[in-house]
Every structure is written in structure tokens, then in C-alpha cells.
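This is a predicted model, so every value here is computed, not measured.
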Amino acid sequence: MPPPSRRSPMVVVSRRAVPGHAREFERWLGRLVDAAADAPGHVGSEIRRPGRAAPDDWVVVYQFADTTSLEAWMRSPARAELLASGRGLMVGDATEQVIAVHPTESDPVTAVSSVRVREGASDAYAAAHDRLVERMGAFDGFIRSELLWPVPGVQDDTIVLFTFDDRAHLDAWLASPERAEALDELAPLTESDRAVNVVGGFAGWFPAGATGAPPRWKQATLVLAALFPTSLAIGAVRERVLPDLATVPATLLANVIGIIVLTWLLMPWLTRVFAGWLRRDA
């Protein structure tokens with residue numbers, strides 16, 4: 001399959017499990033996702049467990065290379081058979097939302113934010129973060145956000161990844177009064193400066209080969225694999241060496257060092273190591 005000429009369309013399906021049957025319901029969702037992975041044009045699928053924002057809803061996100069492939073999977077006999085086998089595990093009807101992403105000349109842009117959450121404030125921070133994402137979701141170009149909690153012995157910061165369809169839309173959010181209000185709400189729950197690094201457009205890191213540039217999702221995956229530990233390492237070193245550095249120069253320094261490390265060290269090495277995977281069709 002050649003690399004898609006547009007960002008991949010998605011469908012978000014929300015269902016509720018019969019009380020007391022969550023484990024069987026999750027296994028059944030896993031069979032649905034496994035079947036989708038075998039369908040032509042499949043890019044990726046994800047199961048999201050019930051969370052704070054939707055405590056009863058199980059969500060499955062399917063992503064395909066184009067709308068034709070997505071529609072073929074949604075109408076396929078294999079999916080219909082699996083849906084029939086799980087009727088007894090569901091309460092009510094499923095809610096389906098198709099997100100048809102239109103062509104664009106811009107690459108999606110991801111920002112990585114890291115901050116230290118005060119001890120005992122995790123629940124309050126999670127609730128405040130959910131409200132922040134609601135505000136962010138109302139802005140043009142918002143694609144997704146993900147909250148990554150600290151990993152004992154690996155990293156102490158709480159990480160937030162948020163993606164917009166282009167840099168202009170991301171900048172509009174970063175400069176907005178809504179974001180400033182949300183950060184004011186989060187500030188009493190944190191004990192360190194917030195570091196934000198932006199990655200947008202991977203030109204130069206992934207030169208096109210005979211079959212064209214690698215799929216965008218593979219580019220994003222490899223960049224995140226390099227960016228995440230780099231951001232953590234830079235933040236840890238900066239806090240140890242220059243703990244009193246003001247926010248603006250600290251952020252500028254982290255961005256400059258991060259770009260240098262990714263451009264001249266990590267990305268050339270990673271693209272060589274994963275060259276075969278990058279060349280394979282999605």
C-alpha cells in the first residue's frame with residue numbers, strides 16, 4: 001500500500017458493557033481490533049477503557065488509510081459477525097463518530113509538556129487536566145491529547161502530549177486566554193516550571209526513497225521515541241545544573257538543545273536502525 005496522500009480518517013465507536021462482564025467485554029473488543037488489523041488499509045486501532053470523563057463508556061478508535069478502506073471495514077461481514085457474537089455483552093446501541101480528515105498541505109504538530117505534580121495532588125491534577133482538554137478540544141485543528149504519568153525510577157515528571165493539525169492552530173491554543181486560565185488552575189498542583197517542546201514537520205529527518213517518504217504515522221512514532229527521553233533528560237540536567245533559571249530562557253535552552261540532539265544525533269541514528277521498517281508499507 002503506498003503512503004496515504006492525506007491524513008488517515010478515523011471512526012470512534014463508544015459502547016457500554018453489561019455490568020459485571022467488563023472482562024469478557026474487553027476480550028471481545030480485542031477480537032474486533034485484531035480483525036480490523038487484517039482489513040485492507042488498516043493503519044491502527046486503539047481500545048480506551050472507561051475513564052474519568054466517561055466512566056461507563058468503552059471506546060474503540062479505528063484508523064484507515066482512506067475513507068474507502070474505512071467504510072469497507074465498517075460494512076464487512078467479518079465485523080458484522082463479531083458484532084452479532086457480542087450483542088449479549090453490550091448495553092444499548094453503539095455510538096459511532098466518523099472523523100473524515102481532509103487533505104492539507106501541513107503536517108500535524110505535537111507539543112510535549114512536562115511538569116512535576118505535587119505529592120498527593122494526582123487526582124486533582126487529572127480532573128483539572130480533563131477540563132483543560134475540554135477547552136483545547138474547542139479550538140480549531142485539535143487532534144488529540146494524552147496524559148502520561150510518572151514512571152518510578154525512570155522519570156518524575158508528568159507528561160502531556162497534544163497534537164494540532166498545523167502550527168498556526170497550535171500557536172493559537174498556546175497563546176489563548178483559555179490555556180492561561182487552565183494553567184492558572186493547574187499551577188497550585190505542581191512544584192516545578194512547565195517545559196514545553198514543539199515538534200512539527202519532519203522534513204529532512206525522513207528523506208524520500210524510491211517508494212516515497214515513510215507513512216506519517218511511522219515518522220511520528222520514531223520522532224516521539226527520540227523526543228520523549230530527550231525532553232526528560234534535558235529537563236533533569238537543567239534542574240540540576242541551572243535550577244533557578246527563569247522559564248523563558250529555560251524553555252529556549254531546552255528547545256535549542258533538543259533540536260540539536262534530534263537533528264544531528266538521534267534521528268540520523270534511528271532512521272538508519274529502522275530503515276527497513278520505515279520502507280515497508282504500513
Side-chain angles (χ1 to χ4, degrees), residues 1 4 7-101 108 122-138 142-151 158-163 215-218 220-221 224 281-282:
M1 182 188 72
R7 300 203 310 279
S8 304
M10 298 182 293
V11 62
V12 180
V13 184
S14 176
R15 297 183 176 89
R16 295 190 174 186
V18 171
H21 292 272
R23 184 171 298 178
E24 299 96 317
F25 187 79
E26 186 173 15
R27 284 199 293 264
W28 173 71
L29 289 179
R31 291 195 293 273
L32 268 172
V33 167
D34 289 344
D38 294 331
H42 178 263
V43 173
S45 297
E46 178 185 358
I47 297 174
R48 298 177 184 173
R49 294 166 171 262
R52 185 184 300 273
D56 299 319
D57 293 342
W58 290 77
V59 176
V60 178
V61 181
Y62 301 107
Q63 190 170 17
F64 281 76
D66 50 57
T67 54
T68 300
S69 299
L70 175 59
E71 291 172 1
W73 158 246
M74 297 297 289
R75 298 174 182 174
S76 67
R79 180 173 182 268
E81 183 177 346
L82 282 167
L83 289 178
S85 70
R87 292 294 180 195
L89 299 172
M90 287 186 286
V91 175
D93 296 325
T95 300
E96 297 181 356
Q97 181 182 15
V98 177
I99 305 173
V101 187
S122 295
D123 288 345
Y125 188 91
H129 172 263
D130 287 345
R131 293 190 290 273
L132 180 149
V133 173
E134 288 179 6
R135 291 186 175 106
M136 197 187 309
F142 175 71
I143 296 177
R144 60 182 171 269
S145 178
E146 185 174 2
L147 177 64
L148 305 174
W149 291 107
V151 179
T158 295
I159 307 296
V160 177
L161 308 175
F162 49 99
T163 302
R216 293 282 174 80
W217 71 270
K218 289 189 176 184
T221 299
L224 180 58
D281 290 343

Non-hydrogen atoms of S145 and V133 that approach each other most closely: OG-CG2, 3.9 Å
Contact summary for V18 and G88, nearest pair of heavy atoms: CG2-O, 3.4 Å
Least distance between heavy atoms, G137 atom then F142 atom: CA-CD2, 3.6 Å
Between CZ on residue R75 and CG on residue L70, distance to nearest 0.5 Å: 10.0 Å
A128: partners by side chain to side chain contact (heavy atoms under 4.5 Å, CB included), with sequence neighbours left out: R131, E185, L186, L189
Residue list, ring pair (Phe, Tyr, Trp, His ring centres under 6.0 Å) with F25, at least two apart or on another chain: W28, W58
Closest non-hydrogen atom pair between S122 and W149, with its separation: O-CH2, 3.5 Å
Which atom of V91 lies closest to which atom of P19, heavy atoms considered: CG2-CD, 4.2 Å
Verdict with supporting geometry, H42 and W73, side-chain contact (heavy atoms from CB on, under 4.5 Å): CA-CA 9 Å; H42 178 263; W73 158 246; over 6 Å; no
Distance-minimising heavy-atom pair for R15 and M90: CD-SD, 3.1 Å
Exam field: side chain R79 to backbone M74, donor-acceptor pair closer than 3.5 Å: yes
Stepwise side-chain contact (heavy atoms from CB on, under 4.5 Å) check, I47 with V33: CA-CA 8 Å; I47 297 174; V33 167; 3.6 Å; yes
